[in-house]
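Start at 1 with the first residue, then count along the sequence.
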Amino acid sequence: MLGRSMAGYLRFVWRTQRVVMEPANLYDLADAQLPMILTFWHGQHFLTPFLVKPYHRARVMISRSADADVNAIAAEALGIGTVRGSGAQGRDFRVKGGFNATLEMIRHLSEGTNVAMTADVPKISRIAGLGVITIAKHSGRPIYPVAIATSRRILAKSWDRAAIHLPFGRAAVVAGDGVLVPADAGPQELEAARRELQRQLEEATARAEALVGRPAPASAGRDAGAGTPNG
């Protein structure tokens, strides 16, 4: 009930927004790169299902936690398939399903399905980890970072500063230029890709906030070290 109620509320919020996208031809550019890996900061993810067009096939990685069950039900109610699992530190990576979820995401990409996941190191907000970079390396598909901001919102007092979007406002969707990770990338190349993803997410977030009339806060992730695979 909570999951479906959440989906209904988010649908109402999205339908009452005046939406602007950058670049303006975002879908033309994206459709030429399908299937792709869509990534975003945790806490900015609630409206991302509405970026998916009816002709897109898409799945999103959502953790196995009890709290995340609501998000998974909401995503499926909005037409987005789910892959359950998340990153973690150390041996908890396998326990939380991160390994199997990573393999499943790579498989879906090989079958032509787009995948989406948060970029953050688990439980560390706004610092890009290596999870999405790893999937890009082994799938050969490009990563496209995206940020969504709304003019009317409440920020939750949670680790991810989740945005609770309110209806009847303005929304901005901003995409980065994309990151492609070579199949033979070593540790240095992976870290370079992670830093580039960090940069693009920070810039997209700042631009989205500016488009709805709000200055972006200083990033906590600049020049941060690499993280572990995440979801």
Side-chain angles (χ1 to χ4, degrees), residues 2-22 26 38-52 58 60-63 65 67-80 82 86-87 116-129 131-132 143-176 197-222 224 227 230-231:
L2 286 173
R4 291 187 175 276
S5 296
M6 180 179 177
Y9 174 75
L10 292 174
R11 188 179 289 111
F12 173 68
V13 168
W14 183 254
R15 287 176 176 173
T16 63
Q17 302 297 312
R18 289 170 290 157
V19 182
V20 61
M21 292 190 176
E22 283 193 0
L26 177 59
L38 191 70
T39 194
F40 34 80
W41 291 135
H42 211 288
Q44 288 187 350
H45 60 285
F46 292 114
L47 294 178
T48 53
F50 302 104
L51 302 182
V52 177
V60 61
M61 185 187 292
I62 297 177
S63 76
S65 69
D67 290 344
D69 287 346
V70 175
N71 288 336
I73 292 169
E76 290 174 358
L78 293 171
I80 308 298
T82 58
S86 64
M117 63 186 295
T118 54
D120 316 64
V121 173
K123 299 300 182 181
I124 303 176
S125 178
R126 307 296 173 91
I127 297 179
V132 65
I143 304 168
Y144 278 94
V146 66
I148 301 179
T150 54
S151 60
R152 302 186 68 244
R153 71 178 186 192
I154 298 170
L155 289 182
K157 294 181 180 179
S158 55
W159 70 270
D160 60 355
R161 295 173 284 169
I164 302 170
H165 303 288
L166 303 176
F168 306 109
R170 290 173 291 145
V173 179
V174 179
L197 177 61
Q198 178 83 33
R199 184 190 68 80
Q200 291 192 28
L201 276 168
E202 289 176 353
E203 289 189 355
T205 297
R207 179 57 179 162
E209 296 285 357
L211 286 171
V212 298
R214 184 187 305 112
S219 170
R222 195 177 302 277
N230 59 92

Does the pair E203/R207 count as a salt bridge with the N-to-O cut at 4.0 Å? no

In chain order, what residues pass the ring pair (Phe, Tyr, Trp, His ring centres under 6.0 Å) check against F46, with sequence neighbours excluded? none

Considering only heavy atoms from C-beta outward, does the side chain of R126 approach that of Q44 to under 4.5 Å? yes

L38 side chain near V146 side chain, heavy-atom distance below 4.5 Å: yes

So, using side chain to side chain donor-acceptor pair (under 3.5 Å) as the criterion, who are the partners of D160 when residues are at least two apart? H42, S158

Atom pair CE/OG of M117 and S63 - distance to nearest 0.5 Å: 12.0 Å

Partners meeting ring pair (Phe, Tyr, Trp, His ring centres under 6.0 Å) with F12 (sequence neighbours left out): F168

Pairing residues for Q200 by the side chain to side chain donor-acceptor pair (under 3.5 Å) criterion, not counting sequence neighbours: E196

Specify the closest pair of heavy atoms between T118 and T39, including all atoms of both residues, with the distance to one decimal. C-OG1, 3.6 Å

Taking C-beta and beyond as the side chain, do N71 and M6 meet within less than 4.5 Å on heavy atoms? yes

Could you list the residues that satisfy side chain to side chain donor-acceptor pair (under 3.5 Å) with T82, not counting sequence neighbours? E76

Considering all heavy atoms of both residues, which atom of A149 and which atom of V212 are nearest to each other, and what is their separation? O-CG1, 3.6 Å

In short, A77 meets A7 closest at the heavy-atom pair CB-CB, 3.8 Å

Below 4.5 Å, heavy atoms only, C-beta onward: do V173 and V19 meet side chain to side chain? yes

Drop me the distance from L78's CG to T48's OG1, to the nearest 0.5 angstrom. 9.5 Å

Atom pair OG1 (T205) and CH2 (W41), whose distance is rounded to the nearest 0.5 Å: 7.0 Å

CD1 (I164) and CG (L155) are apart, to the nearest 0.5 Å, by 8.5 Å

Compare all side-chain heavy atoms of F50 with those of R15 and state whether any distance is below 4.5 angstrom. no

Specify the closest pair of heavy atoms between P167 and Y9, including all atoms of both residues, with the distance to one decimal. CD-OH, 3.6 Å

Which heavy atom in Y144 sits nearest to a heavy atom in G176, and how many Å separate them? CD2-O, 3.8 Å

Side chain to side chain donor-acceptor pair (under 3.5 Å) involving T150 - partner list, sequence neighbours excluded: H165

Say you draw a straight line from CG of L166 to OG1 of T16; how long is it, rounded to the nearest 0.5 Å? 9.5 Å

Student check: side-chain heavy atoms of L51 and M21 closer than 4.5 Å: yes

Between P49 and L10, is any pair of side-chain heavy atoms under 4.5 Å apart? no

Looking only at heavy atoms, which two atoms of S125 and W159 are closest? And how far apart? CB-O, 3.2 Å

Rounded distance [0.5 Å steps], CZ in R170 versus CZ in R214: 9.0 Å

